[in-house]
Structure formats: C-alpha cells, structure tokens
Amino acid sequence: MTDKMKKVAVVMGSISDEPVMKQAIVTLKDFGIECEVSILSAHRMPHKTGQFASNLKNSGIEVVIAGAGKAAHLAGVIASYTTVPVIGVPIKSPDLGGMDSLLSMVQMPSDVPVACMAINGSKNAAIFALQILALKYEDLREKLENFKKNLEY
C-alpha cells in the first residue's frame with residue numbers, strides 16, 4: 001500500500017463535529033493513511049449520503065468512520081447501503097451529553113452493524129480502522145505492532 005492511498009473515509013454530520021473528528025484524521029495521517037473527509041447528513045442530505053454510501057465499493061475506500069451528534073443516524077444510514085465496515089463516533093452534544101448519539105449507534109437493527117466507539121472517541125475509531133486495514137496490509141500491521149509496544153510503560 002502506498003502512503004498516499006485513500007483507504008478510509010471520515011465523514012461527519014456537521015462542520016461543528018470537526019474538532020472531535022480531527023483526532024481521527026491526524027491519527028490516520030500519523031500512520032501514513034490519507035483519508036477522504038466529507039460532511040454528510042442523514043437528515044439534511046439523505047440523497048447525497050445515500051449516493052456516497054452506494055458508491056463506496058467502487059471508490060477504493062475500505063473503512064468508513066462516521067461521526068455525528070444528536071440523532072446520529074449517519075453511521076447507520078451509510079451502513080445500510082454498503083458492506084464496507086462502518087465505525088461510528090457518537091459526538092457529545094449539550095442536549096443529552098452524547099448518550100443519544102451513542103445509543104442510536106449501538107442499537108442498530110440486526111443485519112446492519114455499526115462498530116461504535118466511545119463518545120468523542122474518534123482517535124480509537126482511527127486505530128480500529130487501521131487494525132481492519134492491517135489485516136490486509138503487512139506494512140501497516142508492523143506499524144501498529146510498534147505503536148502497541150510503545151504503549152507499554
């Protein structure tokens with residue numbers, strides 16, 4: 001895999017989600033993975049979101065990280081259109097502290113899975129996406145193994 005291949009899409013429901021999702025983007029770049037970044041909305045742009053998700057198979061994207069707050073249906077809508085793994089990042093909002101987002105992601109109906117990270121957990125979403133890619137790309141697997149070793153005290 002070349003360092004500049006776009007294998008991960010990072011999508012967010014609103015520009016206001018960018019400070020949280022930036023952690024995922026930076027982590028991916030630290031591992032040499034460029035990502036496609038988009039703002040999509042399950043509610044405000046359902047047609048565009050559906051087109052994005054339907055075209056993933058032909059795009060070269062191998063993992064999607066989707067962050068959203070409040071109703072947070074973005075990850076689930078994307079997952080309903082594709083077999084590409086989708087990782088959800090619930091974004092904390094002032095209304096319910098992110099619990100609404102978390103529950104909308106972890107309570108997906110049978111047959112439409114979304115992996116779900118902690119509230120505002122976009123860095124872990126990036127690490128999980130890297131672990132998925134590392135099943136296929138040996139050079140990335142080696143980088144992750146070194147990363148994990150460096151976590152030791």
Apart from Leu96 itself, its cluster of hydrophobic side chains linked below 4.5 Å comprises none

To the nearest 0.5 Å, atom CD1 of Ile127 lies from atom OG of Ser122 at 10.5 Å

For Val26, the other hydrophobic cluster members (4.5 Å side-chain criterion, sorted by chain and number) are none

- Item | Single-linkage hydrophobic cluster Val20~Ile15, side-chain heavy atoms < 4.5 angstrom | yes

Taken to the nearest 0.5 Å, the spacing of Ser38 OG from Leu74 CG works out to 10.0 Å

For the pair Phe147 and Leu130, evaluate side chain to side chain contact (heavy atoms under 4.5 Å, CB included) and give the outcome as yes or no after the intermediate values.
-> CA-CA 11 Å; Phe147 171 79; Leu130 292 165; over 6 Å; no

Members sharing Ile119's hydrophobic cluster, built from side-chain contacts under 4.5 Å between Ile, Leu, Val, Met, Phe, Trp and Tyr, are Met99, Leu102, Leu103, Val106

Minimal heavy-atom distance between Arg44 and Gly13, with the atoms involved, is NH1-O, 4.0 Å

- Return yes if some donor-acceptor pair links the side-chain N/O of Ser59 with the main-chain N/O of Leu56 below 3.5 Å, else return no. yes

### Message
If hydrophobic clusters are built by linking Ile, Leu, Val, Met, Phe, Trp and Tyr wherever their side-chain heavy atoms come under 4.5 Å apart, do Met105 and Val11 end up in the same one?
### Response
no

For Val112 and Gly76 the tightest heavy-atom approach is CG1-O, 4.1 Å

All heavy atoms of Ile61 vs all of Glu36, minimum pair found to be CD1-OE1, 4.1 Å

message: So Lys7 and Tyr137, do their side chains get closer than 4.5 Å, heavy atoms only?
response: yes

Chi angles and distances behind the side chain to side chain contact (heavy atoms under 4.5 Å, CB included) call for Met21, Ile65
CA-CA 9 Å; Met21 298 307 291; Ile65 299 172; 3.7 Å; yes

The side-chain contact (heavy atoms from CB on, under 4.5 Å) partner of Glu145 among Lys143, Lys148, Arg141 is Arg141

Contacts satisfying salt bridge (charged side-chain N to carboxylate O under 4.0 Å, His left out) that involve residues 74-88 (not counting sequence neighbours) are none

So salt bridge (charged side-chain N to carboxylate O under 4.0 Å, His left out) across residues 14-32, not counting sequence neighbours, yields none

Run the side-chain donor-acceptor check on residues 80-93: report pairs under 3.5 Å with partners two or more places apart or on a different chain.
residue, atom, partner, partner atom, Å
Ser80, OG, Val77, O, 2.6
Thr82, OG1, Val84, N, 3.1

Nearest heavy-atom approach of Ser104 to Ser101 is OG-O, 2.9 Å

Hphob cluster co-occupancy, Met117 + Ile33, side-chain heavy atoms under 4.5 angstrom
yes

field: Donor-acceptor contact present, side-chain Thr27 to main-chain Ala126, <3.5 Å
entry: no

Walk me through it: do Phe31 and Leu144 pass the test side chain to side chain contact (heavy atoms under 4.5 Å, CB included)?
CA-CA 8 Å; Phe31 278 84; Leu144 272 170; 3.9 Å; yes

Check whether more than 12 heavy atoms from other residues, nucleotides or ligands sit under 6.0 Å from atom CG of Asp111, and answer yes or no.
no

